[in-house]
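Remember, it's a predicted structure, so these values are computed and weren't measured experimentally. Scope of the values below: all heavy atoms of this structure, side chains included, with no hydrogens, waters or symmetry mates. Here, residue 1 is the first one in the sequence, and each next residue gets the next number.
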Amino acid sequence: MKQRIKIILVDDHPVVRRGISSCLTKHENLQIVGEAGDGREALKKIKELLPDIVLMDIDMPQMNGLAATEVLRKEMPQVKVLILSMHSQAEFVLRIIQSGARGYVLKEANPDDLIKAIETVHSGEVFFSPEVARLALNQYVRGGTESSQNQLTSREKEVLTQIAEGLSNKEIAWRLGVGVRTVETHRERIMRKLSIHSVAGLTKYAITRGLVTLREEIRIPA
């Protein structure tokens, strides 16, 4: 008998996990071995249960899916991550590729496409929904010139990165050798250009665009 593919579901919505589980358990070659509601819990479960495939959402509390995927790429590269999310923006797709995920399927995809994606990734290949692959290719061909990130000046990107690292306006001002008011002005311009009006939103933006990498101390929980 063909060995079953062991899967862990990672999504912060129990209803979504239940729906995916119901879909996958109909297939004898697939086995749901665990579930998690955020990135940190996922890393712990993955270390304990050693799945073949992780179906990973992006937007979650504690640690988002891309951050968790980056940890897995470094510490458990044998575990293959398949992103399952609603984001279809080209910038997200490129960030997903950079994180080390082996594929990306939109949550609105047909169940048969999800099964195909799991089997394809398990076989060692990559899988991206056609519409997602098209977005990534178009963005690559354009060289990302239409990216909202490129609306920011180099100094604004520097300020954004330090905001995402948790520094206060005063600390950023000291690091850059400028006045606090100057930093406040940069912050206001960044928020206006990106249409993001909270520190949490700016942090999320910086992470998904690769402006901020994981701190070295983040490891898979023992």
Side-chain angles (χ1 to χ4, degrees), residues 1-87 92-129 132-133 136 207-208 213-222:
M1 182 177 176
K2 196 173 180 180
Q3 190 170 11
R4 302 173 79 185
I5 301 173
K6 296 185 294 183
I7 300 169
I8 283 183
L9 305 178
V10 186
D11 194 292
D12 59 331
H13 296 98
V15 173
V16 173
R17 297 200 305 269
R18 193 175 305 122
I20 296 172
S21 180
S22 176
C23 172
L24 299 185
T25 51
K26 297 175 183 177
H27 298 263
E28 293 184 358
N29 65 322
L30 305 179
Q31 180 185 10
I32 308 299
V33 296
E35 298 183 8
D38 62 67
R40 289 192 182 279
E41 182 186 9
L43 294 177
K44 185 175 181 180
K45 290 280 185 73
I46 291 165
K47 184 176 181 181
E48 293 172 354
L49 302 172
L50 301 176
D52 300 305
I53 300 285
V54 177
L55 288 183
M56 185 86 76
D57 187 22
I58 294 179
D59 296 325
M60 296 181 292
Q62 303 298 324
M63 177 187 284
N64 70 49
L66 295 182
T69 300
E70 289 183 357
V71 174
L72 289 173
R73 182 190 64 192
K74 295 175 183 177
E75 301 195 8
M76 297 186 70
Q78 75 279 12
V79 177
K80 300 178 177 69
V81 177
L82 177 61
I83 298 292
L84 184 62
S85 187
M86 66 180 70
H87 293 293
F92 266 102
V93 177
L94 295 176
R95 184 72 184 98
I96 286 164
I97 294 171
Q98 294 167 357
S99 74
R102 303 300 297 273
Y104 184 27
V105 180
L106 294 174
K107 285 185 175 179
E108 63 192 37
N110 186 293
D112 290 339
D113 289 337
L114 177 57
I115 302 302
K116 181 180 179 182
I118 292 171
E119 294 176 341
T120 300
V121 169
H122 182 254
S123 71
E125 299 180 24
V126 297
F127 184 98
F128 289 85
S129 295
V132 171
I207 291 173
T208 57
T213 56
L214 289 175
R215 296 184 179 88
E216 289 300 317
E217 64 265 21
I218 296 179
R219 292 289 183 269
I220 295 179

Original post:
Do the side chain of K80 and the main chain of G124 share a donor and acceptor less than 3.5 angstrom apart?
Top reply: no

Original post:
Are Q3 and D52 side-chain neighbours, meaning at least one heavy-atom pair lies under 4.5 Å?
Top reply: no

Original post:
Can you tell me how far the CD1 atom of I20 sits from the CG atom of L84, to the nearest 0.5 Å?
Top reply: 4.5 Å

**OP:** Check L24, V81, I8 against L55 for a side chain to side chain contact (heavy atoms under 4.5 Å, CB included) and give me the one that passes.
**Re:** L24

**OP:** Indicate the atoms forming the closest heavy-atom contact of D59 with D12, along with that distance.
**Re:** O-OD1, 3.5 Å

**OP:** Start with the C-alpha distance between M76 and L50, add both sets of side-chain angles, then the distance that settles side chain to side chain contact (heavy atoms under 4.5 Å, CB included), and finish with yes or no.
**Re:** CA-CA 9 Å; M76 297 186 70; L50 301 176; 3.5 Å; yes

**OP:** Would you give the length of the straight line joining atom CD1 of I58 to atom CE of M56, rounded to the nearest 0.5 angstrom?
**Re:** 10.5 Å

Original post:
With K116, which residues qualify under side-chain contact (heavy atoms from CB on, under 4.5 Å), at least two apart?
Top reply: T120, F127

**OP:** Taking all heavy atoms of Q62 and all of R40, pick out the closest pair and write down the distance.
**Re:** O-NE, 4.0 Å

Original post:
What's the spacing between E35 CD and E41 CD if we round to 0.5 Å?
Top reply: 9.5 Å

Subject >> Listed partners of V126 passing side-chain contact (heavy atoms from CB on, under 4.5 Å), at least two apart >> reply: R102, F128

Original post:
For G100 and R73, which heavy atoms make the closest approach, and how far apart are they?
Top reply: CA-CD, 3.9 Å

Subject >> Side-chain touch M63/D38, heavy atoms, less than 4.5 angstrom >> reply: no

Subject >> Pairwise side-chain contact, E75 with L43, heavy-atom cut-off 4.5 Å (strictly under) >> reply: no

**OP:** Quick one: pull up CD1 in I32 and CD1 in I5 and give me the separation to the nearest 0.5 Å.
**Re:** 10.5 Å

Subject >> With sequence neighbours excluded, residues passing side-chain contact (heavy atoms from CB on, under 4.5 Å) with P14 >> reply: R17, R18

Subject >> Minimum heavy-atom distance between I53 and V121, given as atom pair plus value >> reply: CD1-CG1, 3.6 Å

Original post:
Just wondering, are more than 12 heavy atoms of other shown residues or ligands nearer than 6.0 Å to NE2 in H27?
Top reply: yes

Original post:
Quick check: does any side chain N or O of S99 sit under 3.5 Å from a backbone N or O of I96, one acting as donor and the other as acceptor?
Top reply: yes

Subject >> Heavy-atom side-chain contact between L30 and I115 under 4.5 Å >> reply: yes

Original post:
Hey, does D57 have a side-chain heavy atom less than 4.5 Å from the side chain of S85?
Top reply: yes

Subject >> Inter-residue atom distance R4.CZ - E28.CD, 0.5 Å rounding >> reply: 7.5 Å

Subject >> Exercise: identify the closest heavy-atom pair between L49 and K6 >> reply: O-NZ, 4.1 Å

**OP:** Kindly give the heavy-atom pair with the smallest separation between G103 and L82, and that separation in Å.
**Re:** C-CD1, 3.4 Å

